[in-house]
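These notes concern the structure reproduced below.
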Amino acid sequence: MSAKITIHDVARESGVSIKTVSRVLNREPNVKADTRDRVQAAVAALNYRPNISARSLAGSKAYLIGVFFDNPSPGYVTDVQLGAIARCRQEGFHLIVEPIDSTGDVEDQVAPMLATLRMDGVILTPPLSDHPVVLAALEREGVAYVRIAPGGDVDRAAWVSMDDRLAAYEMTKHLIGLGHTDIGFIIGHPDHGASHQRHQGFIDAMRDAGLPIRDDRVEQGWFSFRSGFDAAEKLLGGADRPTAIFASNDDMALGVMAVANRMRLDLPAQLSVAGFDDTPGAKITWPQLTTVRQPIHAMAGAAADMLMHGVEREEGAPPPSRLLDFELVVRESTGPAPQ
């Protein structure tokens with residue numbers, strides 16, 4: 001077996017000191033461009049892979065980013081993980097993914113992790129983005145964090161988001177533009193800030209179009225397929241039913257479509273269905289689901305990038321933030337309102 005390539009080999013190959021190689025590997029500033037190029041060329045030629053434990057011991061960074069999640073949508077969680085992993089790999093970091101039950105004793109779950117895991121920062125997904133116990137624990141331990149889609153207190157720490165209210169407004173406008181005046185809406189998990197923003201966007205669009213917002217056309221969901229199924233049974237159970245249903249995420253929209261199929265409703269001729277997120281399930285169902293493409297992958301990557309490059313801010317300045325674009329994806333599940 002060939003000997004393991006070490007940082008000493010890279011230094012010898014590139015003709016610089018071990019300290020200089022370390023500075024290049026850690027992407028530290030004030031290294032001459034030609035020196036950086038020589039080191040990177042030596043790393044590539046020798047196929048050198050730095051040991052993450054050694055790098056951690058040698059400096060102040062652990063090269064580990066955490067993701068804390070508590071979300072019933074597997075598609076959303078998967079996209080967050082993939083987005084964060086892709087960005088971490090570009091910088092030589094690794095990702096730790098930890099589920100947190102926000103309905104249990106959060107302090108008992110978070111405290112041991114922070115005590116035993118040395119992380120350079122944590123990405124928080126909804127509803128943990130707004131969980132006071134989680135935020136307080138991270139701040140108490142001095143662990144940097146970035147919140148994805150926080151529902152409030154945006155001046156507290158760094159965040160990445162999209163305009164959920166505007167996105168829901170545009171989707172509702174799309175349904176109204178197809179001639180739908182009787183639209184049902186399924187609210188997302190009540191602890192997620194985005195749920196309230198999406199509900200408000202629906203209300204805004206209905207009011208701007210001069211359409212009534214009926215209490216019996218709005219149901220509470222939990223961002224799960226089952227909650228969408230249950231809500232759809234209520235919305236579609238009577239003779240007087242809406243001609244369109246807008247669910248606050250794709251999983252709930254798929255639950256609506258399951259009920260509609262069981263009732264033998266022709267989609268979209270008799271009922272239009274729209275979702276939110278553009279998860280993989282939106283494209284494999286039939287008809288394919290009209291939805292809002294939320295840049296989940298990009299938001300997670302941006303959050304990881306912010307943690308790897310620092311989220312410090314000057315006194316009195318707002319925290320670092322990034323607002324990413326959404327896209328309306330119109331597919332076969334929505335069509336003109338039935339006459």
Report the C-alpha separation of D130 and R147 in whole Å, then their side-chain angles, then the decisive distance to 0.1 Å, and conclude whether the side chain to side chain contact (heavy atoms under 4.5 Å, CB included) test is met.
CA-CA 8 Å; D130 294 296; R147 305 158 72 195; 2.9 Å; yes

Run the side chain to side chain contact (heavy atoms under 4.5 Å, CB included) check on D277 and D79 step by step: do they pass?
CA-CA 10 Å; D277 286 341; D79 271 355; over 6 Å; no

With distance as the sole test, does D250 use its side chain to make a donor-acceptor pair with the main-chain N or O of F276 at under 3.5 Å?
yes

What pairs with K234 under side chain to side chain contact (heavy atoms under 4.5 Å, CB included), at least two apart in sequence or on another chain?
E219

Taking the side chain as C-beta and beyond, is there a heavy-atom pair between I123 and I65 under 4.5 Å?
yes

Within a strict 4.5 Å, meaning less than it, do heavy atoms of the M308 and D120 side chains meet?
no

Distance col, row F93:CZ vs M119:CE, nearest 0.5 angstrom, shows 13.0 Å

For residues L328 and A167, report the shortest heavy-atom separation together with the two atoms involved.
CD1-O, 4.4 Å

Looking only at atom types and distance, does a side-chain atom of D9 sit under 3.5 Å from a main-chain N or O of T6, one as donor and one as acceptor?
yes

Spell out, as yes or no, whether a donor-acceptor pair under 3.5 Å connects the side chain of D305 to the backbone of G301.
no

Would the distance check show the side chain of T285 and the main-chain N or O of G281 forming a donor-acceptor pair, the cut-off being under 3.5 Å?
no

Are the side chains of L236 and I245 in touch, meaning some heavy atoms are under 4.5 Å apart?
yes

Look at the side-chain heavy atoms of Ile, Leu, Val, Met, Phe, Trp and Tyr, link any pair under 4.5 Å apart, and say whether L265 and L254 land in one connected group.
yes

Between S195 and H189, does any side-chain donor sit less than 3.5 Å from a side-chain acceptor?
no

Taking distance alone, no hydrogens or angles, what donor-acceptor pairs closer than 3.5 Å link side-chain atoms of residues 169-176 to residues at least two apart or in another chain?
unit_1: Y169; atom_1: OH; unit_2: D208; atom_2: OD2; d: 2.7
unit_1: T172; atom_1: OG1; unit_2: A168; atom_2: O; d: 2.8
unit_1: H174; atom_1: NE2; unit_2: T334; atom_2: OG1; d: 3.2

Could you state the interatomic distance from CG (D37) to OG1 (T35), rounded to the nearest 0.5 Å?
8.5 Å

For atom CG of D325, is the number of surrounding heavy atoms from other residues, nucleotides or ligands below 6.0 Å larger than 12?
no

Evaluate the ring planes of H192 and F223, with Trp represented by its six-membered ring, and classify them as parallel (under 30°), tilted (30 to 60°) or perpendicular (over 60°).
perpendicular

Would you say the side-chain atoms of E91 and Y63 include a donor-acceptor pair closer than 3.5 Å?
no

Please check if atom CZ in R156 has more than 12 non-hydrogen atoms from other residues, nucleotides or ligands closer than 6.0 Å.
yes

Does a side chain donor of either Q109 or D105 reach within less than 3.5 Å of an acceptor in the other side chain?
no

Determine the interplanar angle of the F246 and F185 rings, folded into 0 to 90°, and report it as parallel if under 30°, tilted if 30 to 60°, perpendicular if over 60°.
perpendicular

Kindly indicate whether the side chain of V154, heavy atoms from C-beta on, has any atom under 4.5 Å from the side chain of S321.
no

Between the side chain of S129 and the main-chain N/O of L124, is any donor-acceptor distance below 3.5 Å?
yes

At what distance, to the nearest 0.5 angstrom, does CG of L128 lie from CG of D101?
9.5 Å

Rounded to the nearest 0.5 Å, what's the gap from OG on S14 to CZ on R36? Could you check?
12.5 Å

Can you tell me if S272 uses its side chain to pair, donor with acceptor, with the backbone of G335 under 3.5 Å?
yes

Can you name the nearest heavy-atom pair linking L289 to R331, along with the distance?
O-NH1, 2.9 Å

Does M162 belong to the same Ile/Leu/Val/Met/Phe/Trp/Tyr cluster as F202, with side-chain heavy atoms less than 4.5 Å apart forming each link?
yes

Residues H199, S248; criterion side chain to side chain contact (heavy atoms under 4.5 Å, CB included); working and verdict:
CA-CA 8 Å; H199 185 205; S248 292; 5.9 Å; no

So, for I186 and G228, which heavy atoms are closest and what is the spacing to 0.1 Å?
CD1-O, 4.1 Å

In the structure I gave you, are the side-chain heavy atoms of M252 and V256 within less than 4.5 Å of one another anywhere?
no

Output for pair (I183 CD1, L211 CG), nearest 0.5 Å, gives 6.5 Å

Point-to-point distance, once rounded to the nearest 0.5 Å, from CE of M299 to OG of S161
6.0 Å

Between I5 and V24, is there a shared hydrophobic cluster once you connect ILVMFWY residues whose side-chain heavy atoms come closer than 4.5 Å?
yes

I'd like to know if D240 pairs up with R217 as an ion pair, taking the criterion as any Lys NZ or Arg NE/NH1/NH2 lying under 4.0 Å from an Asp or Glu carboxylate oxygen.
yes

Candidate pair E98 and F68, rule side chain to side chain contact (heavy atoms under 4.5 Å, CB included), full reasoning:
CA-CA 5 Å; E98 294 287 347; F68 291 177; 3.8 Å; yes

Pair D34 + K32, salt bridge at N-O below 4.0 Å:
no

Given side chains that start at C-beta, do those of Q81 and T78 come closer than 4.5 Å, heavy atoms only?
no

What residue among Q200, Q197, R198 forms side chain to side chain donor-acceptor pair (under 3.5 Å) with D164?
R198

Decide yes or no for R118 and L64: does some side-chain heavy atom of the first lie under 4.5 Å from some side-chain heavy atom of the second?
no

Would a single hydrophobic cluster contain both V80 and L82, if residues Ile, Leu, Val, Met, Phe, Trp and Tyr are joined by side-chain heavy-atom contacts under 4.5 Å?
no

Hydrophobic clusters here meaning ILVMFWY residues chained together by side-chain heavy-atom distances under 4.5 Å, can you tell me if F229 and L267 are in one?
yes

Ignoring hydrogens, what is the shortest heavy-atom contact between P319 and A158? Give both atom names and the distance.
CB-N, 3.7 Å

Between K283 and D278, does any side-chain N to carboxylate O distance fall below 4.0 Å?
yes

Of all the heavy-atom pairs spanning C88 and L95, show the shortest one and how long it is.
SG-CD1, 4.2 Å

Y76 side chain reached by D251 side chain, heavy atoms, under 4.5 Å:
no

Determine the minimum heavy-atom distance between P190 and G221, stating which atoms define it.
CD-O, 4.0 Å

Is the backbone of P127 close enough, under 3.5 Å, to the side chain of D191 for a donor and an acceptor to pair up by distance?
no

Considering residues at least two apart in sequence or located in another chain, which fulfil the side chain to side chain donor-acceptor pair (under 3.5 Å) criterion with R140?
E107

I'd like to know if the side chain of Q220 and the backbone of G188 have a donor-acceptor N/O pair within less than 3.5 Å.
yes

